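Let me begin by presenting the structure, written as structure tokens, before commenting on it.
Since this is a predicted model, take the numbers as computed values, not measurements. Counting starts at 1 for both ligands and their atoms, in listed order.
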Amino acid sequence: VTAQLNARGDVAVLVPAAGAGLRLGPGGPKALRLLAGEPLLVHAIRRVAAAASVRQIVVAAPASDVEAVRALLAPVAPVTVVAGGAERQESVAIALAQVPLDVGIVLVHDAARSLTPPALIESVAAAVRAGASAVIPVLPVVDTIKEVGPAPASTGEVVRGTVDRAALRSVQTPQGFRHGVLAAAHAAATDPLTDDAGLVEKAGLPVVCVPGSELALKITRPLDLVLAEALLHLK
Ligand code: CTP
Ligand code: MG
């Protein structure tokens, strides 16, 4: 059964899914790798489509898999599929070009955060609707984090200092933006960054934090697949 999107919704969700998944080890592109028998991208899109304010979904797929991804997602939800770029930032920019100007809020959401609950998507969108230019979901950092540098006269590294963990956050997606803010940030982008809020920070605009979700973990390494599968069976 194909989910219907909300024709009166005010949110477009861009889903970068064009990465190779090198850190996941040998196998196809990460978005098409299976979790409990279904591609990660299917898990992700099902949850995005279940978020009540979503009017449009644009997926940036690996260039060689655009047709396969269209066929895969057709029974899941109405989506626009475009060929992504060499860098995540490029994939986002290509997807953004598909969003009509009258869509006020644009979210960018990694396909690799496949188990992200619809409620988190709605909470990010709600914070933008409430007036924020840019919104990111965050979690506290659990490890002690150290800054390191090259060790003198060796190939190793040494500690330069310990960062105050209380002031650190791990950043997830979806990241939400006023449409014009994201478009301007991408237009001004020079070096590729790993998240979109970073572009807005560079433009000097405030980025607001909302509580993230452990279910929004990014499936990156093989152990993450094991954890994701366990989380899937929790429900
Ligand atoms: N992504 C993308 N286009 C790229 C690179 C990444 O759309 N050129 C997407 C990935 O598909 C993923 C998200 O950005 O959904 C986050 O990237 P990451 O977790 O790093 O995925 P990969 O780049 O696929 O993994 P790796 O870095 O291990 O190769
Ligand atoms: Mg990557």
Does ligand 1 have any atom sitting under 4.0 Å from a heavy atom of Gly85?
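So Gly85 counts as touching ligand 1.
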Please state whether Ala31 comes within less than 4.0 angstrom of ligand 1, counting heavy atoms only.
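No, Ala31 has no heavy atoms under 4.0 Å from ligand 1.
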Give the residue, atom name and distance (to 0.1 Å) of the protein heavy atom nearest [atom].
{"atom": "atom 4 (C) of ligand 1", "result": "Arg88 N, 3.4 Å"}
{"atom": "atom 7 (O) of ligand 1", "result": "Ala18 N, 2.9 Å"}
{"atom": "atom 22 (P) of ligand 1", "result": "Gly21 N, 3.7 Å"}
{"atom": "atom 12 (C) of ligand 1", "result": "Pro16 O, 3.7 Å"}
{"atom": "atom 20 (O) of ligand 1", "result": "Arg23 NH2, 2.7 Å"}
{"atom": "atom 21 (O) of ligand 1", "result": "Lys30 NZ, 3.2 Å"}
{"atom": "atom 29 (O) of ligand 1", "result": "Leu22 N, 2.7 Å"}
{"atom": "atom 6 (C) of ligand 1", "result": "Gly19 CA, 3.5 Å"}

For the residue pair [X] and [Y], confirm or rule out a side-chain donor-acceptor distance under 3.5 Å.
{"X": "Asp102", "Y": "His179", "answer": "no"}
{"X": "Ser213", "Y": "Gln172", "answer": "no"}
{"X": "Ser53", "Y": "Arg129", "answer": "yes"}

Taking only heavy atoms of [X], which atoms of ligand 1 are found under 4.0 Å from at least one of them?
{"X": "Ala112", "answer": "15 (O)"}
{"X": "Glu87", "answer": "4 (C), 8 (N)"}
{"X": "Ser91", "answer": "2 (C), 3 (N), 4 (C), 7 (O), 8 (N)"}
{"X": "Ala111", "answer": "15 (O)"}
{"X": "Ala86", "answer": "8 (N)"}
{"X": "Ala20", "answer": "24 (O)"}
{"X": "Lys218", "answer": "18 (P), 19 (O), 20 (O)"}

Tell me, do Val66 and Val82 make a side-chain contact under 4.5 Å, heavy atoms counted?
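Val66 does not reach Val82 side chain to side chain.
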Heavy-atom closest contact ([X] atom, [Y] atom, distance):
{"X": "His109", "Y": "Val48", "answer": "CD2-CG2, 3.7 Å"}
{"X": "Ser91", "Y": "Ala18", "answer": "OG-CB, 3.7 Å"}
{"X": "Ala185", "Y": "Leu199", "answer": "CB-CB, 3.7 Å"}

Between Ile219 and ligand 1, is there a nitrogen or oxygen pair with a distance under 3.5 Å?
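No, no N or O pair falls under 3.5 Å.
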Ligand 1 to Thr220 polar contact by distance, N or O atoms, under 3.5 Å
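Among all N and O atoms of Thr220, none is under 3.5 Å from an N or O of ligand 1.
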Donor-acceptor check, side chain of [X] to backbone of [Y], threshold 3.5 angstrom: yes or no?
{"X": "Gln4", "Y": "Ala77", "answer": "no"}
{"X": "Lys30", "Y": "Ile219", "answer": "yes"}
{"X": "Thr116", "Y": "Ser114", "answer": "no"}
{"X": "Arg169", "Y": "Ala166", "answer": "yes"}

Salt-bridge contact Arg88-Asp110 (side-chain N to carboxylate O under 4.0 Å)
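So Arg88 pairs with Asp110 through a salt bridge.
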Of Val11, Leu120, Val13, which meets side-chain contact (heavy atoms from CB on, under 4.5 Å) against Pro174?
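So the option named by the test is Leu120.
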With respect to atom 13 (C) of ligand 1, which of Asp110, Asp224, Val59, Thr194 exhibits the smallest heavy-atom separation?
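Answer by nearest heavy atom: Asp110.
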My question is simple, although I want it checked carefully: is atom 17 (O) of ligand 1 less than 4.0 angstrom from any protein heavy atom?
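For atom 17 (O) of ligand 1 the answer is no, since every protein heavy atom stays at 4.0 Å or beyond.
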